[in-house]
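The structure appears below as structure tokens.
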Amino acid sequence: MNHRKMLGLMFLVFIIQGCTSRPTASMEENIVSEDPEVVRSEALKRLLEVFGIEDPPHSMHHVKQPPQYMIDLYNTVADADGVTKDPDLLEGNTVRSFFDKIHSDQMHFLFNLSTVARNEKVLTAELHLFKLKPRPSEQAYYKRHHFCQINVYQVLDKNKIQLPIGRKLLSSRLVPIHSSGWEVFSITQAVRAWNDESTNQGLLVTIRNLGGAQVDPSIIRFASGKDHHESKQPMLVLFTDDGRRGIIPVNPLQGQAMPLPNEPYIATQNRTRVGRSLEDGHLPCQRHPLYVDFEEIGWSGWIISPRGYNAYHCKGSCPFPLGQNMRPTNHATVQSIINALKLTKGVSSPCCVPDKLFSINLLYFDDDENVVLKQYDDMVAGSCGCH
């Protein structure tokens, strides 16, 4: 990474941190005089902290395809740049998908949830099973039975898995025998009970007919990770909230398009004057592009979507008198007046800062190759104002 890109990355970190004051001369000297690799390392470390990730996943290139469910969920809550369409669409701010680690012949599933932080609040947990099409050879059975009962149990003791003492019923419902496709079962109670890995002994699924008799697994079949395509693997989907919340509220105009940059109107006859103002650095407060390219900073190997996003940043002057197009607060208006009249020594003019912030979503692989969807508050400057 060249010197310009390093300074750009450092500037991005300052923007995301919400700095309201510029770095001092000594800070700028330290940034320039530091070893470039040290600067890069520290900047990326801070950026990871902003995204709530301790270390980037070690496996940087993934052969696996992300589950279609997670891709569809991402596309539902985020636009092409990752900006949240509606903050109320997602329950919590984190969604994880886990694949079965046992791949056994019986309907016993085990999901490793060790990547879930202890401070995360479990909101909802679901077991996703793909029901396969009935075999033509079982037509006789289908003519006699039209529904089957699917029971999902939390395994309490894997050595007594077939006994009532060794399992606890979580979910039970009727499913048409002729159907095929995804079936979803609530298992929130079990996941909340798995305080550590020793208490997680997996899930058991049984199939019975309406008379209560056990159904041969070869008749009513669900896709397994052992014998079927990964797109149909048994999957646990976990919705959590990690407690991260932004300081400034997300855009209240839910589901609506992001506003255009609040650039002042420039008349044709003023182009020469505005050109001089640009050279002097005195353009009025407005929003400017600030693109974060995940490939450029080395994160494209584990981030699925988006490939990057426009964070934007605010720059420009807040001259007296402040017009409504500057979106000033009452405090900024008073400060502008005091500054203009020189009534109090040391009072500067108001600052050009974001006054509306949007959240973004990342879809990525974690270190265990699970796919994670996370929503981050206050990541995009929606508009700028004088504060």
Looking at Gln286 and Pro284, would you say the former's side chain and the latter's main chain have a donor-acceptor pair under 3.5 Å? yes
Side-chain H-bond candidate by donor/acceptor type, Gln68 with Asp72, under 3.5 Å: yes
Side chains of Met107 and Phe222: closer than 4.5 Å at any heavy-atom pair? yes
Could you tell me whether the side chain of Ile337 reaches within less than 4.5 Å of the side chain of Thr333, counting heavy atoms only? yes
Is the SG of Cys314 found under 2.5 Å away from the SG of Cys384? yes
Separation between NE2 (His178) and NZ (Lys131), nearest 0.5 Å, reads 8.5 Å
Test of ring centre spacing under 6.0 Å for Tyr69 and His128: yes
When rounded to the nearest 0.5 Å, the distance separating CG of Leu362 from OH of Tyr309 is 8.0 Å
I'd like to check Leu127 versus Phe111 (side-chain heavy atoms, cut-off strictly below 4.5 Å). Are they in contact? yes
Rounded distance [0.5 Å steps], CZ in Phe109 versus CG in Leu203: 8.5 Å
Close side-chain approach of Val184 to Glu126, heavy-atom, < 4.5 Å: yes
Please indicate whether Lys160 has more than 12 foreign heavy atoms, meaning atoms of other residues, nucleotides or ligands, lying under 6.0 Å from its NZ. no
Within the 4.5 Å heavy-atom criterion, are Leu110 and Asn200 side-chain neighbours or not? yes
So do the side chains of Thr84 and Phe358 get within less than 4.5 Å of each other, counting heavy atoms only? no
In a check of side chain to side chain contact (heavy atoms under 4.5 Å, CB included) between Val95 and each of Val371, Val237, Thr124, which one passes? Val237
Side-chain donor/acceptor of Gln201 to backbone N/O of Leu156, under 3.5 Å: yes
Ignoring hydrogens and angles, tell me if any N or O in the side chain of Thr188 forms a donor-acceptor pair with the backbone of Ala125 under 3.5 Å. yes
When you measure from the centre of the six-membered ring of Phe185, is the NZ or CZ of Arg173 closer than 6.0 Å and no more than 45° off the axis? yes
Do the side chains of Leu238 and Val122 get nearer than 4.5 Å, heavy atoms only? yes
Arg167 side chain vs Asp157 backbone, donor-acceptor pair below 3.5 Å: no
Which heavy atom of Val380 sits nearest a heavy atom of Asn310, and at what distance? CG1-O, 3.6 Å
When rounded to the nearest 0.5 angstrom, what distance separates CH2 in Trp194 from OG in Ser114? 12.5 Å
May I have the step-by-step check of side chain to side chain contact (heavy atoms under 4.5 Å, CB included) for Met379 and Ser359, ending in yes or no? CA-CA 5 Å; Met379 298 297 286; Ser359 62; 6.0 Å; no
Run the numbers on Cys386 and Cys285 for disulfide (SG to SG under 2.5 Å), then give the verdict. CA-CA 7 Å; Cys386 293; Cys285 175; 4.3 Å; no
Contact check, side chains of Asn370 and Arg96, non-hydrogen atoms, under 4.5 Å: no
Residue Ile165 excluded, over 12 heavy atoms near CD1 under 6.0 Å: no
How far apart are the C-alpha atoms of Lys374 and Asp242, what are their side-chain angles, what is the distance that settles it, and do they pass the salt bridge (Lys or Arg N to Asp or Glu O under 4.0 Å) test? CA-CA 10 Å; Lys374 266 186 180 283; Asp242 62 10; 2.9 Å; yes
Does Lys85 reach the main-chain N or O of Asn75 with its side chain, forming a donor-acceptor pair under 3.5 Å? yes
Sidechain-backbone polar pair: Arg287 side chain, Ala381 backbone, donor-acceptor under 3.5 Å: yes
Tyr364/Trp302 aromatic ring centres below 6.0 Å: yes
